[in-house]
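Accompanying notes for the structure given below.
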Amino acid sequence: MLSQKMRILCLGGGGFIGSHLTRRLLDDEHEVTVVDLSDEKLDHCLHEKNFVFIGADIRELGQKLDGSIGASDLVIDLIAYANPSLYVKIPTEVFQLNFVENLKIADSCLRQSKRLIQFSTCEVYGRTVASIVPGDLPDPTDPKYATFSEDHSELIMGPVQKHRWIYACSKQLLERMLHAYGLKHDFNYTIIRPFNFIGPRIDFLPSESAGIPRVFSLFMDALLNGTEMKLVNGGHQQRCYTHIDDAVDCIARIVANEAGVCDRQIFNIGTPQNEISIRGLAYLMTDIFNERFRRAGVSLPKVVECSGEEFYGAGYDDSDRRIPNITKARTLLGWSPKIDLRQTLEGTMAYYAHGWRGGGVPKVSRQESASGDRV
């Protein structure tokens, strides 16, 4: 895919999504500047002639950040606290970073007439109608009640006491402000709603660092170390997992923005056919591990259930099911995901399992800072 070569500023580009995206942007011959707290996941980019890394917290850059935005043709914003444990533990900080600080970035882009690609989250869709009034539906399990489109689906959040939703509400409010800027000022933005991206470098493992990462890493850690695989609230929540390579291919098309088709648009990026429950994910990962990576004599972990409050703390709640409608990406971008769920899991598990066999899990840092990208 040919595109105009640009100077791209990638904020929070040192995380999981950002590290893969940066590699693709460099391969497409763009000049890329990444601002993040750590370059640990960017070691494959550090010696590229068109790459600059700025190790900093965006909250402390002030006018320097304005200058970096002004020197760029395109700004990609991945900055977020995006971890359910943080929504419960530090909700005010989550709002401050995910909305207030990100709005400052948008304001700078607006003042300097720079296009912004803003990463949001599929969590803005909240809960399904089927989870609210199942008795009023002929078949609450019908996927149509859990399939969300960018421009038409209602956004249903939990009660205020379930403050876990502050993350989704912060992202939704940011989206609404970008939309308002577009209406009032003709501001050029594109919003991305990722649906559970997964791949190498996705997360730290809990046994290697404190904190609670994504569910994949929790399960992988249990498989490697024989600890329990915990199913929060029974693991009945359903998710659609998308291989990072498929996701980055779509994002690259949004960056290229041929004929301006992405101007002031929102895009779901996900793989509808890769839907599975968290419980199902635990058993599928166990099967793959047993077949491909398990050493003789090593026991498989026990699968147990626990409550959301026990695992994350008071105020926790969750989306029950979310399936992306990707008609817009197919129509406007000519994109469709290609990698199935088993391939996605096998490749991601191999990244960790091979490091474990070789004497240690590949070093993957904990991104619970101003530059995490667990969207």
Side-chain angles (χ1 to χ4, degrees), residues 1-36 42 44-45 48-52 68-79 105-106 108-110 112-122 149-151 175 178-179 181-182 186-195 197 199 242-271 324-339 373 375:
M1 179 177 59
L2 297 176
S3 63
Q4 180 182 357
K5 304 303 178 280
M6 291 180 284
R7 294 166 297 175
I8 299 175
L9 177 64
C10 191
L11 303 173
F16 163 55
I17 298 172
S19 66
H20 287 272
L21 176 58
T22 297
R23 179 69 268 161
R24 173 61 183 267
L25 296 175
L26 290 170
D27 289 345
D28 288 345
E29 300 182 8
H30 297 294
E31 296 179 25
V32 182
T33 297
V34 167
V35 179
D36 209 321
L42 293 166
H44 56 300
C45 303
E48 296 277 353
K49 65 178 182 179
N50 289 332
F51 177 74
V52 175
S68 295
I69 290 172
S72 303
D73 301 310
L74 169 68
V75 177
I76 301 174
D77 184 5
L78 283 150
I79 299 291
I105 294 167
S108 180
C109 290
L110 175 61
Q112 303 186 74
S113 300
K114 302 298 179 180
R115 180 182 174 222
L116 172 65
I117 296 178
Q118 179 65 58
F119 274 73
S120 184
T121 173
C122 60
S149 64
E150 300 95 330
D151 302 322
E175 288 191 19
L178 295 182
H179 176 75
Y181 283 175
D186 202 32
F187 179 52
N188 192 5
Y189 65 88
T190 305
I191 293 168
I192 292 174
R193 293 175 179 166
F195 280 72
F197 297 172
T242 302
H243 195 288
I244 189 63
D245 290 349
D246 275 338
V248 166
D249 182 55
C250 188
I251 299 165
R253 294 165 192 249
I254 292 171
V255 168
N257 193 22
E258 298 293 339
V261 296
C262 302
D263 292 352
R264 288 173 291 281
Q265 295 284 356
I266 304 173
F267 288 94
N268 290 336
I269 302 180
T271 309
N325 181 323
I326 56 173
T327 301
K328 186 186 284 190
R330 285 192 172 114
T331 304
L332 297 183
L333 304 175
W335 173 83
S336 293
K338 298 178 174 63
I339 305 173
D373 61 3
V375 284

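In the model, R330 has a side-chain atom that pairs as donor or acceptor with a side-chain atom of S336 under 3.5 Å.
For R23, the salt bridge (charged side-chain N to carboxylate O under 4.0 Å, His left out) test picks out D27, E48, with sequence neighbours left out. N257 meets the side chain to side chain donor-acceptor pair (under 3.5 Å) test with D263; sequence neighbours excluded. By the ring-ring contact (aromatic ring centres under 6.0 Å, His included) test, H243 is found to be paired with no residue, residues two or more places apart in sequence or in another chain being considered.
Remark: I105 CD1 to I79 CD1 distance equals 5.5 Å, nearest 0.5 Å. Going from atom OG1 of T190 over to atom CD1 of I254 covers 6.5 Å, rounded to the nearest 0.5 Å. Note that CD1 of I244 and NE2 of H20 are 5.5 Å apart. Values are rounded to the nearest 0.5 Å.
The main-chain N or O of D245 is never found under 3.5 Å from a side-chain atom of R24 such that the two would form a donor-acceptor pair. For the pair N325 (side chain) and T327 (backbone), a donor-acceptor distance under 3.5 Å is present. Counting only distance, with no hydrogens or angles, the side chain of W335 and the backbone of I251 share no donor-acceptor pair below 3.5 Å.
Counting heavy atoms from C-beta on, the side chains of L42 and S19 come closer than 4.5 Å.
Minimum heavy-atom separation, K328 to E150: CB-OE2, 3.8 Å. Here the closest heavy-atom approach between residue L78 and residue G18 is recorded as CD1-CA, 3.7 Å.
The only member of I76, I192, D77, I266 that meets side-chain contact (heavy atoms from CB on, under 4.5 Å) when paired with Q118 is D77.
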